[in-house]
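The structure under discussion appears below in the form of structure tokens.
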Amino acid sequence: MSDRTALITGITGQDGSYLAEHLLELGYRVYGVVRRSASENFWRIAHIRNDIELIHGDLLDQSSLDQAVLRSEPDEVYNLAAQSFVPTSWEQPLLTGEFTGLGVTRILESLRRLDKEARFYQASSSEMFGRVREVPQTELTPFHPRSPYGCAKAYGHFITVNYRESYGMHACSGILFNHESPRRGLEFVTRKITHTVARIKYGLATELRLGNLDARRDWGFAGDYVRAMHLMLQQEAAGDFVVASGETHSVREFAELAFAEVGLDWQDHVVQDPGLIRPAEVDLLVGEPRKAREQLGWSTTVDFAGLVKMMVQADLEWIERQRNKRERLP
Ligand code: NAP
Ligand code: G4F
């Protein structure tokens, strides 16, 4: 049993839910910052709702972040909240800059003024590498972001490094490559594919509209990646860490494997939609996680094929449950 306390922003998101579970298992007291909403969006944390404490707050609102820090008195703060969907960042570039970029400074400011000893984790992203300068990408690869989201994350990364260097804070930046799970939002390509595959299998859909099939990503399982976040904050010295599988696969390969999982041929269902092509694309991501392996002792438990299978199976079960629920309605 640990006597440590963690504060997580973005606890209602994919990573927030897995991280909260992991920290609870380690014996942490867990607080989460949530935005007030007319309709609660707690489905990912419903199973641990009684084990965590939620505090209303917003990355746009400094005083609410101050209150969250004062109330929780955290040993560790994980800043996972962000506008995290890349296409939305072209539609809402200013809001994305406020949430995903300046929001990092707001929470760092709360800590600098109120709780400088708390250790800080920033959810940085491989999207910062953008038009990649080298393959594979390491902690030292220069950034060339290709979206307002990537630019905002680059700001968040550098302000984290800056607060570490300016104020001696234990502030870490985890440069995480794409990580997925059955809890992934439906708009991201992996979940869009696995959810639609399950719908097609059950006769609820016939086609899957996708954009760039050639884009390559380094995909891993979110449950593995949150362990790396925690390990970073256990190191004596704060630093930056690439967290990745070290393998790259195309969107086409992901779709092919997902359809094969239910005995279907992807070519019979996938339709390319030019409307889904991005103004600027990140063509190839593949990370070099050597530092995380060697310094953190971190490793993955789920490979690419295992991830696709896990997500397809979970979506098949999810649709089955929805159908049963509907059949039971009076
Ligand atoms: P996600 O599922 O989209 O979750 C985002 C979370 O941020 C949600 O809890 C959301 O709350 C919260 N949020 C958004 N705006 C907020 C605001 N203004 N104030 C307070 N909370 C706010 O994202 P994820 O996949 O878990 O990713 C977690 C973090 O890692 C994000 O920062 C993302 O950019 C970064 N990242 C993700 C990946 C990946 O592959 N998943 C890779 C690298 C980096 P609501 O529920 O209220 O919307
Ligand atoms: O699943 P995606 O939307 O993820 P993307 O843009 O790589 O961003 C994710 O990973 C980042 C880490 O590198 C995170 F920081 C970020 O928060 C987010 O979690 O798209 C992946 C690829 C892209 O190249 C996209 O053009 O899939 C391609 N794609 C092709 N068709 C599509 C689609 N993406 C989406 N969302 N929807 C499509 O229909």
Side-chain angles (χ1 to χ4, degrees), residues 8-20 32-37 39-45 55-61 64-65 68 78-89 95-96 98-100 102-104 106-107 121-130 137 145-147 149-150 152-153 156-157 173-181 183-193 196 208-222 225-226 229 243-244 250-252 254-255 270-273 275-285 287:
I8 303 174
T9 71
I11 196 165
T12 55
Q14 171 188 259
D15 291 7
S17 66
Y18 281 108
L19 179 65
V33 175
V34 292
R35 298 191 275 184
R36 204 208 81 83
S37 161
S39 45
E40 278 184 355
N41 177 27
F42 291 171
W43 64 273
R44 293 184 179 97
I45 51 171
I55 303 175
H56 280 128
D58 197 299
L59 287 181
L60 296 185
D61 185 58
S64 68
L65 298 177
Y78 296 86
N79 182 39
L80 310 186
Q83 191 300 96
S84 74
F85 189 48
V86 172
T88 298
S89 77
L95 194 71
T96 301
E98 285 283 353
F99 284 10
T100 307
L102 269 184
V104 186
R106 290 196 189 93
I107 190 136
Y121 172 85
Q122 167 56 17
S124 292
S125 165
S126 51
E127 185 71 15
M128 302 187 299
F129 295 121
Q137 294 86 52
R146 296 273 282 166
S147 62
Y149 169 84
K153 281 288 180 189
H157 167 82
S173 175
I175 306 175
L176 270 55
F177 283 63
N178 298 51
H179 45 279
E180 319 291 317
S181 74
R183 298 184 199 166
R184 189 58 144 152
L186 286 169
E187 67 276 36
F188 297 92
V189 77
T190 54
R191 184 80 199 287
K192 179 174 175 181
I193 293 171
T196 311
L208 167 60
R209 301 187 82 78
L210 291 175
N212 181 6
L213 297 175
D214 297 319
R216 301 184 74 84
R217 289 290 181 276
D218 179 329
W219 278 297
F221 170 51
Y225 285 42
V226 300
M229 299 175 186
V243 179
S250 66
V251 171
R252 183 182 286 99
F254 194 106
V270 171
V271 176
Q272 262 202 292
D273 182 343
L276 293 168
I277 303 288
R278 299 177 180 187
E281 178 63 283
V282 173
D283 295 315
L284 163 70
L285 289 176

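Side chains are part of it too, since the values below use all heavy atoms of this structure and drop only hydrogens, waters and symmetry mates. We count ligands from 1, going down the list as the structure has it; atoms in each ligand are counted the same way.
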Worksheet entry | Nearest protein heavy atom with distance in Å, relative to atom 11 (C) of ligand 2 | Ser125 OG, 3.7 Å
Discussion item. Using side-chain heavy atoms (C-beta onward) and a distance below 4.5 Å, is Arg106 in contact with Leu60?
Written reply: yes
Fill in: Side-chain heavy-atom pair Ser89, Gln83 within 4.5 angstrom cut-off
yes
Practice prompt. Could you pull out, from Glu187, Gln14, His179, the option with a heavy atom nearest to atom 36 (N) of ligand 2?
Written response: Glu187
Response to the item:
Nearest heavy atom to atom 6 (C) of ligand 1, choosing from Gly156, Gly10, Ala152, belongs to Gly10
Practice prompt. Under 4.0 Å from a heavy atom of Val251: give me the atoms of ligand 2 that qualify, with their elements.
Written response: 27 (O), 28 (C)
Worksheet entry | Residue and atom name of the nearest protein heavy atom (relative to atom 43 (C) of ligand 1), distance in Å to one decimal | Leu176 O, 3.1 Å
Worksheet item: So do Leu176 and Met229 actually touch side chain to side chain, heavy atoms under 4.5 Å?
Response: yes
Discussion item. I'd like to know if Asn41 contacts ligand 1, where contact means a heavy-atom distance under 4.0 Å to any ligand atom.
Written reply: yes
Item to complete: Considering heavy atoms of the protein only, find what lies nearest to atom 36 (N) of ligand 1 and give residue, atom and distance to 0.1 Å.
Response: Tyr149 OH, 3.9 Å
Discussion item. Can you confirm whether Leu80 sits close enough to Tyr121 that some side-chain heavy atom of one is under 4.5 Å from a side-chain heavy atom of the other?
Written reply: yes
Fill in: 4.0 Å heavy-atom contact, Lys153 with ligand 1
yes
Worksheet item: Can you list the atoms of ligand 2 that are under 4.0 Å from a heavy atom of Glu127?
Response: 13 (O)
Practice prompt. Applying side-chain contact (heavy atoms from CB on, under 4.5 Å), run through Asn79 and Leu59 and close with a yes or a no.
Written response: CA-CA 10 Å; Asn79 182 39; Leu59 287 181; 3.9 Å; yes
Response to the item:
min-distance protein heavy atom vs atom 29 (N) of ligand 2 -> Val189 CG2, 3.7 Å
Item to complete: Can you pull out the closest protein heavy atom to atom 3 (O) of ligand 1? Residue, atom name and distance to 0.1 Å, please.
Response: Ser84 OG, 2.6 Å
Item to complete: Pull out every atom of ligand 1 sitting under 4.0 Å from any heavy atom of Asn178, numbered as shown with elements.
Response: 40 (O)
Fill in: Arg217-ligand 2 polar pair, N/O distance under 3.5 Å
yes
Fill in: For atom 39 (O) of ligand 2, the protein heavy atom that lies nearest, with its residue and separation
Lys192 NZ, 2.7 Å
Fill in: For atom 20 (O) of ligand 2, closest protein heavy-atom neighbour
Arg278 NH2, 3.3 Å
Worksheet item: Going by the atom numbers of ligand 2, which of them fall below 4.0 Å from some non-hydrogen atom of Leu285?
Response: 13 (O)
Practice prompt. Would you mind finding which of Ser181, Gly13, Ala81 brings a heavy atom closest to atom 13 (N) of ligand 1?
Written response: Ala81
Worksheet item: How far is atom 20 (C) of ligand 1 from its nearest protein heavy atom, and which residue and atom is that?
Response: Arg35 CG, 3.5 Å
Discussion item. Looking only at protein heavy atoms, which one is nearest to atom 39 (C) of ligand 1, and what is the separation?
Written reply: His179 CE1, 3.3 Å
Worksheet item: Do Gln137 and Ser126 get their side chains close enough for a donor-acceptor pair, meaning under 3.5 Å?
Response: no
Worksheet item: Nearest non-hydrogen atom to atom 25 (O) of ligand 1 belongs to which of Arg184, Arg217, Met128?
Response: Arg184
Discussion item. Closer than 4.0 Å to some heavy atom of Ala215 - which atoms of ligand 2 meet that?
Written reply: 24 (O)
Fill in: Which segment of Ser124 sits under 4.0 Å of ligand 1 when only heavy atoms are counted
backbone
Fill in: Presence of salt bridge, Asp214 and Arg252, under 4.0 angstrom
yes
Discussion item. Less than 4.5 Å apart, side chain to side chain, heavy atoms only: is that true for Asn212 and Arg278?
Written reply: no
Discussion item. Between the side chains of Glu180 and Lys192, is the shortest nitrogen-to-carboxylate-oxygen separation below 4.0 Å, so that they form an ion pair?
Written reply: no
Response to the item:
For Ala123, the atoms of ligand 1 under 4.0 Å from one of its heavy atoms are 29 (C), 30 (O), 32 (O), 35 (C)
Worksheet item: Any idea which atoms of ligand 2 are less than 4.0 Å away from a heavy-atom of Phe85?
Response: 3 (O), 36 (N)
Worksheet item: Is Trp219 in polar range of ligand 2, meaning some N or O pair under 3.5 Å apart?
Response: no
Discussion item. Regarding atom 30 (C) of ligand 2: of the candidates Asn178, Leu210, Thr88, Asn212, which has the closest heavy atom?
Written reply: Asn212
Worksheet entry | Per-residue contact class, Gln14 against ligand 1 - non-hydrogen pairs under 4.0 Å | both
Discussion item. As an exercise, identify every atom of ligand 2 less than 4.0 angstrom from a heavy atom of Val86.
Written reply: 6 (O), 8 (O)
Worksheet item: Heavy-atom contacts under 4.0 Å between Leu276 and ligand 2: side chain, backbone, both, or neither?
Response: side chain
Fill in: Heteroatom proximity flag, Gly57 to ligand 1, N/O under 3.5 Å
no
Worksheet item: Which atoms from ligand 2 have a heavy atom of Gly211 less than 4.0 Å away?
Response: 30 (C), 31 (N), 33 (C), 39 (O)
Discussion item. Taking only non-hydrogen atoms of Arg184, do any sit less than 4.0 angstrom from ligand 2?
Written reply: yes
Item to complete: For Ser84, take its heavy atoms, then give the atoms of ligand 2 lying under 4.0 Å from any of them.
Response: 16 (C), 17 (O), 18 (C)
Practice prompt. Identify, for atom 14 (C) of ligand 2, the protein heavy atom at the shortest distance, and state residue, atom and that distance.
Written response: Tyr149 OH, 3.4 Å
Worksheet entry | Phe99 neighbourhood, listing ligand 1 atoms whose heavy-atom distance to it stays under 4.0 Å | 15 (N), 18 (N)
Response to the item:
closest protein heavy atom to atom 46 (O) of ligand 1 is Thr12 OG1, 2.6 Å
Fill in: Closest protein heavy atom (residue, atom, distance) for atom 28 (C) of ligand 1
Leu80 O, 3.4 Å
Fill in: Closest protein heavy atom to atom 18 (N) of ligand 1, given as residue, atom name and distance to 0.1 Å
Asp58 OD1, 2.9 Å
